[in-house]
Chemist: 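Got a structure for you, questions after.
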Amino acid sequence: MKMILFIGHHKAGSTALQAALARNCRALLRHDVLYPAVDSSGLAMLAGFASGRIGAMQRRTWPIPLNYREGHNALAFRMWSPNGVPDIHLPLPGKDEIGRTITAQIEAFRPKTMVLAAEVFSNFGARGTDLIRELVGMFPQIDDIHVIASLRRVDDYLVSWYGQRLKFGTILKPLADTVPRHYQRGVHFDYRLMLEPWMTALPEARFTIQSYDEVLAQGGSVKNFFKLAGLKPPPPWQTSRRLNTSVHPGLIEFIRRANIQLSRQDALRFREIVSKIALNDALPPAKEIEMFGPVARAKMLRVFAPIHDWLSEVTGRQAFFPDIDALGHCRAIPEHALWDRLKTQLLSRSALREDTVLSPFLDGITFLPNIPNLSSE
């Protein structure tokens, strides 16, 4: 029996992939591929899809429970921090019960291949090999493992991951002030720390490590994964629209301040309104906006260089990221150059202008002149 493990990284199309795997579980089972559930809600959906009780027309629009779509994230959280599972995944069985639930599905369906997909698996390497060995040890039936990882160039990734944390209401310092002191010590910067323990724990496994640009060139995370896994891609109607979209860099500072200054409920409302406002047509492309400044970029390039050398070596490439030198170069438009114009645009929208809490918040935001994030440490 084969196991395919998608271990992330975050913000590399994992949500769309998980949704496609969940929604196509019936077709996958017909090809002896299991995308296992971890709890009763997931089992109910899997049983309904697999038995045909939930028909083809319904499967196109049927709401997928989070703990089926992203159930393997829930398992990873339970293993990583038994009592610290995010509320969105609760209630959730213990890891031993989840293991027994998946084993029961293996025994019932007798698949040739099982797929586990969780970007949260990317955190396991920070604790060495123990969690990786524990995960694989749950399934002694497995004798063939294929590990797939997708990586974004670290500056692009950090902007997207920082925005993701803001979407969940996290209180954060400005990104450029955070990168040198915080991110470079963990798996969100050190891709060797993320990947090497998997290679050590699973020396016989096959590894596919690819850049996110390669994933996009293959048509996105779903098409790319199905091709790598040797699976027939799902019909277009069974693939999901883009999910978990990133915060546009121009809006990051507004959301960051809302998380700090507003109540949790009001900050959530602000994020939801802003995310629905069609500002993108009036904003420069995200890749043209500078979020770090020259000092932070110079340090990132220096610290990431040996990590990139290792990535290139283990993947047999001259340069894993062909454009790695761009990590040290600032982009055309400083983040702060957009703030005043965006503030005016936001206040022109009735949903914000007429809100008795959010309008004064926005109106009260002031920007000091020439304050690009150029922290030296």
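Just so you know, these numbers come straight off a predicted model, no measurement behind them.
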Chemist: Shortest non-hydrogen contact from Pro284 to Ile289?
Modeler: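 Between these two residues, the closest heavy atoms are O-CD1, 4.2 Å.
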Chemist: Using 0.5 Å steps for rounding, measure from the CD1 atom of Ile260 to the CD1 atom of Ile255.
Modeler: 12.5 Å
Chemist: Evaluate the criterion side-chain contact (heavy atoms from CB on, under 4.5 Å) for residue pair Met199 and Ile209; output intermediate values, then yes/no.
Modeler: CA-CA 11 Å; Met199 297 178 174; Ile209 303 170; 3.1 Å; yes
Chemist: Could you walk me through whether Thr200 and Thr129 pass the side-chain hydrogen bond (donor to acceptor under 3.5 Å, both in side chains) test, one step at a time?
Modeler: CA-CA 7 Å; Thr200 301; Thr129 60; over 6 Å; no
Chemist: Would you mind listing every side-chain hydrogen bond (donor to acceptor under 3.5 Å, both in side chains) that reaches into residues 350-360, with sequence neighbours excluded?
Modeler: Arg269-Asp355
Chemist: Quick check: does any side chain N or O of Thr103 sit under 3.5 Å from a backbone N or O of Gly99, one acting as donor and the other as acceptor?
Modeler: yes
Chemist: Do side-chain atoms of Arg165 reach the backbone of Leu172 as a donor and acceptor pair under 3.5 angstrom?
Modeler: no
Chemist: Is a side-chain N or O of Arg78 found less than 3.5 angstrom from the main chain of Leu92, in a donor-acceptor match?
Modeler: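 Yes; at least one donor-acceptor contact below 3.5 Å.
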Chemist: Would the distance check show the side chain of Arg297 and the main-chain N or O of Phe292 forming a donor-acceptor pair, the cut-off being under 3.5 Å?
Modeler: no
Chemist: Given the rule in the side-chain contact (heavy atoms from CB on, under 4.5 Å) test, do Phe124 and Met79 qualify, once you have shown the distances and angles that lead to the verdict?
Modeler: CA-CA 9 Å; Phe124 280 14; Met79 294 178 67; 4.1 Å; yes
Chemist: For the residue pair Pro249 and Met291, what are the closest heavy atoms and their distance?
Modeler: CB-SD, 3.7 Å
Chemist: Compute the centroid of each ring, for Phe226 and then for Phe6, and state whether the two points are separated by less than 6.0 Å.
Modeler: no
Chemist: State whether the side chain of Asn24 and the backbone N or O of Ala20 hold a donor-acceptor pair below 3.5 Å, judged by distance alone.
Modeler: yes
Chemist: Aromatic rings His188 and Tyr157: how do their planes relate, parallel, tilted or perpendicular, breaks at 30° and 60°?
Modeler: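 Taking Tyr157 first and then His188, their aromatic rings lie parallel (interplane angle under 30°).
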Chemist: Which residue pairs pass the ring-ring contact (aromatic ring centres under 6.0 Å, His included) test when at least one of the two sits in residues 309-329, sequence neighbours left out?
Modeler: His308-Phe321
Chemist: Could you work out, with side-chain contact (heavy atoms from CB on, under 4.5 Å) as the rule, every residue matching Arg100, not counting sequence neighbours?
Modeler: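 Listed in chain order: Asp96, Glu97.
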Chemist: Strictly distance-based, threshold 3.5 Å: is any side-chain N or O of Gln261 a donor or acceptor partner for the main-chain N or O of Phe361?
Modeler: no
Chemist: Among all residues two or more places apart in sequence or in another chain, which pass the salt bridge (charged side-chain N to carboxylate O under 4.0 Å, His left out) test with Glu214?
Modeler: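 Here the qualifying residues are Arg317.
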Chemist: Indicate the atoms forming the closest heavy-atom contact of Ile7 with Ala149, along with that distance.
Modeler: CG1-CB, 3.9 Å
Chemist: So do the side chains of Met300 and Leu158 get within less than 4.5 Å of each other, counting heavy atoms only?
Modeler: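 Met300 vs Leu158: side chains touch.
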Chemist: Taking the side chain as everything from C-beta on, heavy atoms only, tell me whether Trp80 gets closer than 4.5 Å to Arg127.
Modeler: yes
Chemist: Please check if any side-chain donor atom of Arg152 sits under 3.5 Å from a side-chain acceptor atom of Ser211, or the reverse.
Modeler: no
Chemist: Grab the two heavy atoms, one from Ala176 and one from Ala296, that are nearest each other, plus how far apart they are.
Modeler: O-CB, 4.3 Å
Chemist: Measure the OG1-CH2 distance between Thr366 and Trp339 for me, rounded to the nearest 0.5 Å.
Modeler: 11.0 Å
Chemist: Just do the side-chain contact (heavy atoms from CB on, under 4.5 Å) check on Leu166 and Val247 with the steps written out, would you?
Modeler: CA-CA 9 Å; Leu166 291 175; Val247 176; 5.5 Å; no
Chemist: Walk me through it: do Phe367 and Phe254 pass the test ring pair (Phe, Tyr, Trp, His ring centres under 6.0 Å)?
Modeler: CA-CA 11 Å; Phe367 301 112; Phe254 294 91; 5.8 Å; yes
Chemist: With sequence neighbours left out, what residues match Asp323 under salt bridge (charged side-chain N to carboxylate O under 4.0 Å, His left out)?
Modeler: Arg153
Chemist: For Ser122, give me all partners under side-chain contact (heavy atoms from CB on, under 4.5 Å), at least two apart in sequence or on another chain.
Modeler: His9, His10, Met194
Chemist: Distance-only criterion, 3.5 Å: show the donor-acceptor pairs between side-chain atoms of residues 32-46 and protein atoms not counting sequence neighbours.
Modeler:
{"from": "Tyr35", "atom 1": "OH", "to": "Arg69", "atom 2": "O", "distance (Å)": "2.7"}
{"from": "Asp39", "atom 1": "OD1", "to": "Ser41", "atom 2": "N", "distance (Å)": "3.4"}
{"from": "Asp39", "atom 1": "OD1", "to": "Ser41", "atom 2": "OG", "distance (Å)": "3.0"}
{"from": "Asp39", "atom 1": "OD1", "to": "Gly42", "atom 2": "N", "distance (Å)": "3.0"}
{"from": "Asp39", "atom 1": "OD2", "to": "Ser41", "atom 2": "OG", "distance (Å)": "3.3"}
{"from": "Asp39", "atom 1": "OD2", "to": "Asn67", "atom 2": "ND2", "distance (Å)": "3.3"}

Chemist: Tell me if a side-chain donor or acceptor on Glu290 pairs with a main-chain N or O of Arg331 at a distance below 3.5 Å.
Modeler: yes
Chemist: Output side-chain donor-acceptor pairs under 3.5 Å for residues 136-148, partner residues at least two apart or in another chain, one line each.
Modeler:
{"from": "Asp143", "atom 1": "OD1", "to": "Met1", "atom 2": "N", "distance (Å)": "3.1"}
{"from": "His146", "atom 1": "NE2", "to": "Thr208", "atom 2": "OG1", "distance (Å)": "2.8"}

Chemist: Give the minimum heavy-atom separation between Ser221 and Gly13, together with the two atoms involved.
Modeler: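 Heavy atoms of Ser221 and Gly13 come nearest at OG-O, 2.7 Å.
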Chemist: Find out whether Leu262 and Leu268 are in side-chain contact, i.e. whether some heavy atom of one side chain is under 4.5 Å from a heavy atom of the other.
Modeler: no
Chemist: Keeping to residues at least two apart or across chains, list the salt bridge (charged side-chain N to carboxylate O under 4.0 Å, His left out) pairs with something in residues 128-139.
Modeler: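 Qualifying pairs: Lys95-Glu134.
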Chemist: Counting C-beta onward and ignoring hydrogens, is there a side-chain heavy-atom pair between Leu5 and Val115 closer than 4.5 Å?
Modeler: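 Result no, sub-4.5 Å side-chain heavy-atom pair not found.
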Chemist: Take Asp266 and Ser263 through the side-chain hydrogen bond (donor to acceptor under 3.5 Å, both in side chains) test and state the conclusion after the steps.
Modeler: CA-CA 5 Å; Asp266 290 335; Ser263 71; 3.1 Å; yes
Chemist: Going from CD1 on Ile4 to CG on Leu116, what distance comes out if it is rounded to the nearest 0.5 angstrom?
Modeler: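 If we round to the nearest 0.5 Å, Ile4:CD1 and Leu116:CG are 10.0 Å apart.
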Chemist: Restricting to side-chain contact (heavy atoms from CB on, under 4.5 Å), what partner residues turn up for Val303, sequence neighbours left out?
Modeler: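 Gln184, Phe189, Lys299.
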Chemist: How long is the span from the CD1 atom in Ile324 to the CG atom in Asp155, to the nearest 0.5 Å?
Modeler: 7.5 Å
Chemist: Donor-acceptor check, side chain of Asn259 to backbone of Arg256, threshold 3.5 angstrom: yes or no?
Modeler: no
Chemist: Between the main-chain N or O of Ile365 and the side-chain N or O of Lys343, is there a donor-acceptor pair closer than 3.5 Å?
Modeler: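 Yes; at least one donor-acceptor contact below 3.5 Å.
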Chemist: Find out whether Leu21 and Phe225 are in side-chain contact, i.e. whether some heavy atom of one side chain is under 4.5 Å from a heavy atom of the other.
Modeler: yes
Chemist: Counting distance only, does the side-chain N/O of Asn224 pair as donor-acceptor with the main-chain N or O of Gln218 below 3.5 Å?
Modeler: no
Chemist: Among residues at least two apart in sequence or on other chains, which ones pass salt bridge (charged side-chain N to carboxylate O under 4.0 Å, His left out) with Arg192?
Modeler: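 Checked Arg192 against salt bridge (charged side-chain N to carboxylate O under 4.0 Å, His left out); matches are Glu196.
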Chemist: With sequence neighbours excluded, what pairs up with Lys223 under the side-chain contact (heavy atoms from CB on, under 4.5 Å) test?
Modeler: none
Chemist: Taking side chain as C-beta onward, heavy atoms only, is Leu151 less than 4.5 Å from Gln210?
Modeler: no
Chemist: Of the non-hydrogen atoms in Tyr162 and Ile252, which two are nearest, and what is the gap between them?
Modeler: CE2-CG2, 3.5 Å
Chemist: Determine, step by step, whether Tyr212 and Asp156 satisfy the side-chain contact (heavy atoms from CB on, under 4.5 Å) criterion, reporting the C-alpha distance in whole Å, the side-chain angles of both residues, the deciding distance to 0.1 Å, and the verdict.
Modeler: CA-CA 10 Å; Tyr212 191 50; Asp156 291 330; over 6 Å; no
